[in-house]
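What follows is a set of notes on a single structure, which appears directly below.
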Number of protein chains: 2
Amino acid sequence: MSTAFGPYIREKREALKKQDKRFSLRKVAQRVGIEPSYLSKVERGLPAPLSEEKIRAISVDLGENADLLLALSGKVSADVQEIIRKRPELFTEIIRQMEDLPDNAVLRLVREVRDGKW
Amino acid sequence: MSTAFGPYIREKREALKKQDKRFSLRKVAQRVGIEPSYLSKVERGLPAPLSEEKIRAISVDLGENADLLLALSGKVSADVQEIIRKRPELFTEIIRQMEDLPDNAVLRLVREVRDGKW
DNA sequence: AATAGTGTGTAGTACCTGATACACAATGTC
DNA sequence: GACATTGTGTATCAGGTACTACACACTATT
């Protein structure tokens with residue numbers, strides 16, 4: 001889908017490869033469990049969708065944040081979607097309201113919720 | 001996908017139909033823009049996926065909440081997904097943290113954010 | 001009794017998702 | 001020079017998504 005994901009992980013992978021030959025496209029593909037030719041297409045942004053599972057495996061292998069990589073490939077984590085679907089009216093409302101908040105305001109909310117003030 | 005959506009809207013539609021014959025399956029299908037036979041399958045929970053667009057049209061026609069109907073058919077509104085994808089790490093974190101909050105606590109958050117305390 | 005309207009069964013369609021399998025040329029390594 | 005490894009091109013595929021089109025039997029309406 002999104003053209004951003006492929007080039008992004010290609011760059012990350014090649015950076016790692018410079019210090020560690022275990023990060024060749026073929027080796028990564030093998031560890032992740034996909035065909036090298038398919039990962040090649042993915043990295044070049046050709047139409048080659050990856051499942052959430054494979055994206056997660058790549059994020060582990062490359063040491064990247066899974067939710068970021070999912071976002072770059074146009075997805076939202078299945079567990080987050082499920083949380084929303086359990087209380088759709090409530091959660092969609094708060095998410096839409098938070099859209100325009102600056103990062104630091106959202107972060108403050110995260111902390112306050114985590115610290116059990118609610 | 002989800003078997004809950006179909007029977008749910010069938011019940012709602014038939015309730016409306018009792019007071020207004022404009023809510024026959026065929027009439028609703030026509031207003032919504034799908035074939036009656038397809039809506040029939042949908043309402044009986046047979047494998048007949050609906051696009052977000054059609055689900056929204058049904059929600060308008062039946063006077064139901066769109067986000068609820070989307071959730072019942074296993075979806076999350078595209079605009080909400082896009083908000084999350086723009087700041088994936090921040091938003092997935094706060095959503096996961098809010099999972100265990102009771103409704104009234106989330107509601108309080110909604111109000112405080114809306115009232116510009118942030 | 002004819003007509004209109006109701007819900008449903010069956011078949012078919014086009015495109016998307018998420019891949020595999022194999023071949024190939026270029027580059028690196030022994 | 002042989003062998004291994006690298007990235008990529010092409011073909012193919014099964015299943016899911018999101019529908020249409022038409023026929024049919026049954027029930028209301030006029």
Side-chain angles (χ1 to χ4, degrees), chain A residues 1-3 5-59 61-62 69-70 72-78 81, chain B residues 1-3 5-59 61-62 69-70 72-78 81:
Chain A
M1 151 126 267
S2 178
T3 168
F5 171 74
Y8 180 85
I9 62 159
R10 162 146 296 190
E11 229 172 286
K12 295 296 176 179
R13 184 183 58 74
E14 293 193 331
L16 290 167
K17 191 185 168 192
K18 276 179 185 163
Q19 315 217 9
D20 188 341
K21 17 181 159 210
R22 292 177 61 260
F23 287 94
S24 77
L25 182 146
R26 280 180 115 99
K27 297 265 177 67
V28 171
Q30 182 158 17
R31 287 195 298 273
V32 164
I34 60 181
E35 289 293 311
S37 59
Y38 198 70
L39 181 55
S40 172
K41 289 185 74 177
V42 168
E43 288 196 353
R44 283 173 294 144
L46 303 182
L50 277 183
S51 65
E52 176 164 342
E53 192 195 341
K54 306 293 185 183
I55 294 170
R56 286 192 182 283
I58 289 176
S59 79
D61 202 78
L62 302 186
L69 294 194
L70 285 168
L72 287 175
S73 55
K75 309 204 180 204
V76 171
S77 179
Q81 293 200 44
Chain B
M1 150 124 268
S2 179
T3 167
F5 171 75
Y8 180 86
I9 63 160
R10 161 146 298 189
E11 227 171 287
K12 295 296 176 179
R13 184 183 57 76
E14 293 192 333
L16 290 167
K17 191 185 167 191
K18 277 178 185 164
Q19 315 219 7
D20 189 340
K21 34 204 144 185
R22 293 177 60 259
F23 288 95
S24 77
L25 184 146
R26 281 181 115 99
K27 297 264 178 68
V28 171
Q30 182 159 17
R31 286 194 299 272
V32 164
I34 60 182
E35 289 294 311
S37 59
Y38 198 71
L39 181 55
S40 172
K41 290 185 74 178
V42 168
E43 287 195 354
R44 285 174 293 144
L46 303 182
L50 277 183
S51 65
E52 176 164 342
E53 192 195 342
K54 306 293 183 183
I55 293 171
R56 285 192 183 283
I58 288 176
S59 78
D61 202 78
L62 302 186
L69 294 193
L70 285 167
L72 286 176
S73 55
K75 309 205 181 205
V76 170
S77 178
Q81 294 201 44

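To find a chain, count down the sequence lines: A is the first, B the second, and so on, and within it residues start at 1. All values below were derived from every heavy atom in this structure, side-chain atoms included, with hydrogens, water molecules and symmetry-related copies excluded.
The side chain of A:Pro49 sits closest to C:dG18 out of C:dG18, D:dT8, C:dG7. For B:Ser40, taking side-chain heavy atoms from C-beta onward, the closest of the listed nucleotides C:dT8, C:dA19, D:dT6 is C:dT8. The side chain of A:Ile34 approaches C:dA19 more closely than any other nucleotide in the set D:dA18, C:dT8, C:dA19.
Straight-line distance from the CD atom of B:Gln30 to the C1' atom of C:dT6: 13 Å, rounded to whole Å. Distance CG (B:Leu46) to P (D:dG16): 15 Å, rounded to an integer number of Å. In this structure, B:Leu25 atom CG and C:dT8 atom C1' are separated by 9 Å, rounded to whole Å. One can place OH of A:Tyr38 at 15 Å from C1' of D:dG9, the figure rounded to the nearest angstrom. Summarising the geometry, the separation between NZ on A:Lys17 and P on C:dT27 is reported as 13 Å, rounded to the nearest angstrom. In this structure, CD of B:Glu52 is placed 15 Å from P of D:dT17, rounded to the nearest angstrom. Summarising the geometry, the separation between NZ on B:Lys21 and P on C:dG7 is reported as 14 Å, rounded to the nearest angstrom. Summarising the geometry, the separation between CD on A:Glu35 and C1' on D:dT8 is reported as 13 Å, rounded to the nearest angstrom.
Contacts of A:Leu50 with the nucleic acid, taken as non-hydrogen atoms under 4.0 Å apart, involve only primed sugar atoms and P, OP1 or OP2. Across all strands shown, B:Ser37 has heavy atoms under 4.0 Å from base atoms, whether or not it also approaches the sugar-phosphate. In this structure, A:Leu39 reaches neither bases nor backbone, as no heavy-atom distance under 4.0 Å exists between it and the strands shown.
Nearest heavy-atom pair, B:Tyr38 versus B:Ala48, reported as atom, atom and distance to 0.1 Å: OH-C, 3.3 Å.
Contact annotation: A:Ser24 side-chain N/O to D:dG7 OP1/OP2 distance is under 4.0 Å. An OP1 or OP2 oxygen of D:dT5 is reached within less than 4.0 angstrom by no side-chain nitrogen or oxygen of A:Arg22. Taking 4.0 angstrom as the limit, A:Arg44 places a side-chain polar atom (N or O) nearer than this to OP1 or OP2 of D:dG9. Considering only side-chain N and O atoms, A:Lys75 lies under 4.0 angstrom from the phosphate OP1 or OP2 of C:dG18. Residue A:Lys41 has no polar side-chain atom (N or O) positioned under 4.0 Å from OP1 or OP2 of C:dT17.
Remark: the A:Arg26 side chain and the D:dG7 base include a donor-acceptor N/O pair separated by less than 3.5 Å.
Between the B:Arg31 side chain and the B:Arg22 main chain, a donor and an acceptor come within less than 3.5 Å of each other.
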Exercise. After noting the C-alpha distance and the side-chain angles of A:Arg56 and A:Glu52, does the key distance pass the salt bridge (Lys or Arg N to Asp or Glu O under 4.0 Å) rule?
Worked result: CA-CA 6 Å; A:Arg56 286 192 182 283; A:Glu52 176 164 342; 3.0 Å; yes

Exercise. Which is it for A:Arg13 and A:Glu43 under the salt bridge (Lys or Arg N to Asp or Glu O under 4.0 Å) test, yes or no, and what are the steps along the way?
Worked result: CA-CA 10 Å; A:Arg13 184 183 58 74; A:Glu43 288 196 353; 2.7 Å; yes

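Tested against A:Ile55, the residues A:Ile9, A:Val32, A:Leu50 include a single side chain to side chain contact (heavy atoms under 4.5 Å, CB included) partner, A:Leu50.
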